[in-house]
Structure formats: C-alpha cells, structure tokens
*Asks:* 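Structure below; questions to follow.
Being a predicted model, the structure only gives us computed values, none of them experimental.
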Amino acid sequence: MKNQTITIKNKVGYGFGDMASSMFWKIFGMYALFFYTDVFGITAAAAGTMFLVARLWDSFFDLFVGIVADRTKTRWGRYRPYLLWFAIPFTVMGAITFFVPSFGNVGKLVYAYITYSLMMIVYSIINVPYASLLGVMSSEPEERNVLSSYRMSFAFIGSFITFMLLQPLINTYSGLFDSPSLQITTGTVSTSPIGWTLGVASIGVICAALFFFCFRWTRERVEPVNENENTSIRQDLLNLLHNSPWWILVGTGLAALLFNAIRDSIAIYYFRDYVGIVYKMPGTGWDIATIYFLIGQAANLVGVIAAPKLSAKYGKKRTYMIAMTIAAVLSVLFFYIPNQLSWILSMQVLISLCAGYVLPLLWSMFADIVDYQEVKTNRRASGLIFSSSSMSQKLGWAFGTALGGWILAWFKYNPELTKQGLSQSMQTVFGEQLMISWLPALCCIVALIGMMFYPLSDKRVKEIADELDKKRANK
C-alpha cells in the first residue's frame with residue numbers, strides 16, 4: 001500500500017467532490033433560512049422546525065447509505081459509482097427545492113418539507129460514499145491528512161465560488177424574468193422566486209461537472225484485511241456502537257458544526273438589521289454580507305492549508321483543542337466590538353481561520369477510526385463510519401439552523417417589517433447579536449471538552465496503520 005503513490009490528479013479529483021458538495025451545502029447553511037422566511041413565505045419558527053425534522057431523520061439515513069455502500073461491488077469500486085449515478089439528480093433536486101409554488105400556506109409548507117427532505121436524501125446518497133473514499137484511497141495517515149486538506153481546501157474554494165456567483169445570478173435572473181414590481185430587494189439579496197430557482201440551478205450545473213471529474217480522477221486502493229462477506233449489518237452496527245473514540249468524535253464534531261451553522265445562518269439578518277450598511281461593490285453586486293462570507297471563506301482556506309503542518313507539529317488533538325479555545329474567546333469578543341466594518345471583518349478573519357484548522361482534522365480522524373475499528377474487529381466498515389461523520393455534519397446543521405429559526409421567532413423576528421421598509425425591533429436585533437457571538441462560543445466550549453477525552457493519539461494512530469499494513473502484506 002505504501003508504494004502506491006497518490007498523484008496530484010488524484011488529490012485534485014478528490015477535492016472536486018467536496019467542492020461540489022460544499023457549493024450546495026453553503027446555500028443550505030447560509031441562505032436557506034433567509035429563502036424560506038423572506039422568499040418562500042413561511043415563518044422563521046416553521047422553517048426552523050422543518051430543518052430539524054428533515055435533517056434529523058435524514059442524518060440517520062446516512063448510516064443506511066453507508067451500510068449499502070460498504071456492500072456495493074462494481075468495476076469502479078464500492079464508493080466511486082455513486083458520484084456518477086447521482087450527480088444529475090443532485091442538481092435537479094436542488095433547483096426543485098428552491099422553487100416557490102403558487103400554493104396556499106399549508107400547501108407551501110408541505111412542499112417545503114417534501115422537497116427539502118428529498119434534497120437531503122440525494123445529498124446523503126452522493127456525499128456519504130464520497131466521504132468514504134478517504135478511507136480507501138490511501139492507508140497512510142500522513143497521506144490522509146493531505147487528502148483531507150485537499151478536500152477541505154476545495155470545499156472552501158467551492159463555497160467561495162457560491163458566494164461570488166449566487167447573489168449576482170439571483171439578481172440577474174430577477175432582472176431578466178421578473179416584472180419591476182417583483183424585483184424586491186431587502187438590502188441583501190433579491191427576493192425574486194424565479195431568481196432563486198435559476199440561480200441555484202446554475203450552481204447545480206457546476207456541481208454535476210465537478211462530481212463527474214471526481215469520479216474519473218480518483219481510485220480506490222485499500223482493500224480490507226479480511227473481506228468477510230457474511231458479516232451482518234447488525235454486527236457492523238454493534239461494532240460501531242462499542243467504538244468509544246467514534247462516540248467522542250461524533251459529539252465533538254457535532255458541536256463544531258453547530259458553531260459554524262449558527263454563525264452562518266444568522267449573518268444575513270445581522271448585517272441587514274444590526275450593521276445596517278447598504279452597499280453594493282461596483283462590478284460585482286456583492287453586498288456587505290456577501291463580502292463577509294467571502295472573507296470568511298478565504299480565511300477558512302488559509303486554515304485548511306495550514307492544518308496538516310500544524311497537526312504534524314503539535315498533533316491533531318492538540319491543534320483541534322487550541323483552535324476551538326481561540327474561536328470561543330473571539331466569538332465572545334465579537335459581541336462587544338464596535339459596530340464598525342473594520343472590527344467585524346477582522347474578527348471574521350480570525351474566527352474563520354480557527355474554523356479552517358478544525359474541519360480537515362475531523363475528517364482525517366474519522367479515517368483513523370476506520371483503521372481502529374478494523375484492528376479491533378477484523379472488519380473494515382468505511383462507509384458506515386464515514387456516514388456517521390456525515391450524520392454529525394447534518395445534525396450540526398440541523399440543530400444550528402433550527403435554533404436559528406426558533407431563536408429568531410422567540411426574539412419576535414417579522415419579515416413583513418422589512419418588506420414594508422421598517423426596521424426590526426431592538427429585541428430582535430439583540431437576539432441576532434447573541435446568535436452570532438455567545439451561542440457559537442458555547443458550541444466551541446462543548447467541542448473542546450469532548451476532544452479532551454479523545455483517546456487516539458498520533459502515536460497510536462501510526463501504530464494501528466503499521467499493524468494493518470503488515471496484515472495486508474501477509475494476505
């Protein structure tokens with residue numbers, strides 16, 4: 001296994017997969033709540049509940065996808081074929097999800113539940129096998145760190161592209177297809193329904209192409225030490241449930257993703273209602289919120305690129321804990337900084353830099369847990385374990401966006417005030433301030449505490465990898 005070099009083409013191809021996923025995921029994480037309240041036309045509380053219900057059951061559906069992927073056998077491997085089979089359904093479902101039907105309130109809510117749930121299902125079917133590729137492209141922990149860094153680097157590049165293109169696309173399509181009376185803007189982005197549908201569809205076309213390249217440019221290299229075809233699903237699940245490092249990593253990963261989800265979902269409201277600056281960058285049409293997102297993604301990318309070197313020097317666990325500690329402190333300080341763009345954007349850079357360190361470490365640690373479980377049980381269940389990482393990601397975003405909707409409703413957010421040109425109440429604005437500062441800080445603290453109990457040191461991970469390589473050499 002050590003002699004099979006992972007080429008730059010393989011690494012870039014693997015990165016393309018998360019680039020595609022991230023382009024859509026950022027739409028869900030940062031724009032979906034705004035879309036459903038201000039464009040689709042349901043309340044913040046209803047949207048929050050829908051996010052939780054749809055993603056909660058879908059998170060556990062990820063485990064089913066992982067189990068099926070582990071048992072898939074084709075000439076292309078176990079996991080790669082799903083990138084080919086579901087690239088186009090991924091794109092089509094995205095456009096349908098961001099379509100606004102001419103239904104009444106109940107009909108709209110039913111449509112939202114159905115389409116959003118189906119979108120999450122398709123996302124699972126393509127993303128869980130994609131994540132599982134990390135465990136079979138290389139058996140080397142160092143190579144996995146690099147692959148994970150490529151993955152997250154391209155993910156942030158994809159997010160960056162989404163932020164650059166989505167708002168201008170929505171506004172452009174609105175101008176082309178809507179009458180002037182429907183080209184409503186709220187100081188952030190157009191609320192034109194057709195603009196949103198076509199804007200998301202355009203991003204989806206790019207995603208489909210990236211998934212095709214990911215399929216073509218990656219290879220599955222790692223074979224199980226003992227391919228036991230008779231291993232039951234029940235036994236795989238029992239093995240997972242007795243894997244204590246897995247439990248810890250799922251919990252701390254959930255907290256870290258909650259941190260990102262809450263900050264991201266409230267940013268548009270925060271800039272419109274609290275910062276209150278109406279600005280469009282010449283030549284791009286980007287507003288202040290979009291610039292804030294772009295700066296954050298650039299800082300994330302720097303963190304992702306630096307993560308392998310920092311983790312090689314200090315260890316994955318220690319690097320993770322340091323980053324979460326700094327992010328918690330900075331998030332608290334965010335509440336007290338002056339309402340000035342220089343302060344807000346500077347803090348965004350520092351906080352996003354910390355988040356960038358954390359994400360590739362999480363994915364690399366899940367690959368380590370695959371090896372750990374194989375040593376313990378003589379069964380390699382990459383799909384099942386990586387599906388649990390996707391599960392924690394979805395649970396984090398589910399609870400994060402649900403909390404966003406519920407807390408907005410609790411603080412009396414009213415989208416009709418904005419449409420009438422009126423300001424939100426001081427109570428609502430105060431709630432938005434808390435949601436972008438103190439609440440994410442609490443999530444960082446939970447993630448930090450969880451990581452304190454994580455038992456797989458870098459030394460132990462290396463020992464496990466060497467043991468598995470010896471077993472493969474003796475097959």
Side-chain angles (χ1 to χ4, degrees), residues 20-66 68 82 85-130 162 166 170 173 191-205 207-208 211 261 264-265 387 390-391 393-406 408-409 415:
S21 294
S22 184
M23 289 178 76
F24 258 27
W25 197 252
K26 286 302 178 183
I27 298 175
F28 304 141
M30 297 187 176
Y31 292 102
L33 182 58
F34 177 82
F35 168 78
Y36 280 112
T37 58
D38 287 47
V39 182
F40 197 84
I42 60 178
T43 67
T49 302
M50 183 196 69
F51 291 144
L52 181 61
V53 171
R55 286 182 177 173
L56 189 59
W57 81 267
D58 179 57
S59 298
F60 294 98
F61 177 75
D62 285 0
L63 297 178
F64 170 77
V65 176
V68 173
Y82 292 89
W85 296 336
F86 287 92
I88 293 177
F90 183 91
T91 298
V92 172
M93 200 62 235
I96 293 173
T97 302
F98 283 85
F99 174 76
V100 181
S102 301
F103 298 157
N105 291 337
V106 175
K108 276 189 173 182
L109 194 57
V110 171
Y111 180 89
Y113 267 88
I114 292 173
T115 55
Y116 190 81
S117 297
L118 289 173
M119 182 67 243
M120 291 299 102
I121 288 173
V122 174
Y123 187 92
S124 294
I125 293 173
I126 199 168
N127 197 254
V128 169
Y130 165 74
T162 292
L166 185 60
I170 291 170
Y173 286 129
T191 53
S192 159
I194 189 64
W196 278 85
T197 303
L198 295 178
V200 172
S202 298
I203 297 293
V205 171
C207 294
F211 279 131
D264 291 348
S265 64
S387 70
S390 176
M391 178 186 73
Q393 181 185 41
K394 285 188 176 180
L395 285 173
W397 285 103
F399 284 106
T401 50
L403 280 173
W406 294 337
L408 272 178

*Asks:* What are the two closest heavy atoms between Leu33 and Gly404, and how far apart are they?
*Replies:* CD2-C, 4.0 Å

*Asks:* Distance-only, no hydrogens or angles: does the Lys108 side chain make a donor-acceptor pair with backbone N or O of Phe40 under 3.5 Å?
*Replies:* yes

*Asks:* Kindly state each residue pair satisfying side chain to side chain donor-acceptor pair (under 3.5 Å) with at least one member in residues 20-36, sequence neighbours excluded.
*Replies:* Ser21-Asn127, Ser22-Ser159

*Asks:* Output all residues satisfying side-chain hydrogen bond (donor to acceptor under 3.5 Å, both in side chains) with Tyr130, sequence neighbours left out; order by chain, then residue number.
*Replies:* none

*Asks:* Using a 4.5 Å cut-off on heavy atoms from C-beta on, say whether the side chain of Thr37 contacts that of Thr43.
*Replies:* no

*Asks:* Considering non-hydrogen atoms only, spot the tightest contact between Ile27 and Ile203 and give its length.
*Replies:* CD1-CG2, 4.2 Å

*Asks:* Kindly indicate, with the supporting measurements, whether the criterion side chain to side chain contact (heavy atoms under 4.5 Å, CB included) is fulfilled by Phe103 and Val110.
*Replies:* CA-CA 10 Å; Phe103 298 157; Val110 171; over 6 Å; no

*Asks:* Could you tell me which non-hydrogen atom of Gly195 sits nearest to which non-hydrogen atom of Tyr173, and how far apart they are?
*Replies:* CA-CB, 3.9 Å

*Asks:* Kindly give the heavy-atom pair with the smallest separation between Ala20 and Cys207, and that separation in Å.
*Replies:* O-SG, 3.3 Å

*Asks:* Let me check something: any side-chain donor-acceptor pairs from residues 88-101 under 3.5 Å, sequence neighbours excluded? List them with distances.
*Replies:*
{"unit_1": "Thr91", "atom_1": "OG1", "unit_2": "Ala87", "atom_2": "O", "d": "3.4"}
{"unit_1": "Thr91", "atom_1": "OG1", "unit_2": "Gly204", "atom_2": "O", "d": "2.6"}
{"unit_1": "Thr97", "atom_1": "OG1", "unit_2": "Met93", "atom_2": "O", "d": "2.8"}
{"unit_1": "Thr97", "atom_1": "OG1", "unit_2": "Thr115", "atom_2": "O", "d": "3.4"}

*Asks:* Which heavy-atom pair separates Pro193 from Val39 by the least distance, and what is that distance?
*Replies:* CA-CG1, 4.0 Å

*Asks:* Under the salt bridge (charged side-chain N to carboxylate O under 4.0 Å, His left out) rule, what pairs show up with a residue in residues 98-107, not counting sequence neighbours?
*Replies:* none

*Asks:* Working note: Tyr116 + Phe51, criterion ring-ring contact (aromatic ring centres under 6.0 Å, His included); need CA distance, chi angles, decisive distance, verdict.
*Replies:* CA-CA 8 Å; Tyr116 190 81; Phe51 291 144; 5.2 Å; yes

*Asks:* In Å, rounded to the nearest 0.5 Å, how long is the span from CZ of Phe24 to CD1 of Ile126?
*Replies:* 10.5 Å

*Asks:* Could I get the full list of ring pair (Phe, Tyr, Trp, His ring centres under 6.0 Å) partners for Phe64, not counting sequence neighbours?
*Replies:* Phe61

*Asks:* Sequence neighbours left out, what passes ring pair (Phe, Tyr, Trp, His ring centres under 6.0 Å) with Phe86? Give chain and number order.
*Replies:* none

*Asks:* Does the side chain of Trp196 pick up a donor-acceptor pair with the side chain of Thr191 at under 3.5 Å?
*Replies:* no

*Asks:* Under 4.5 Å between any side-chain heavy atoms of Ile114 and Tyr111, yes or no?
*Replies:* no

*Asks:* Would you check if Phe35 and Ile170 make a side-chain contact, meaning some heavy-atom pair closer than 4.5 Å?
*Replies:* no

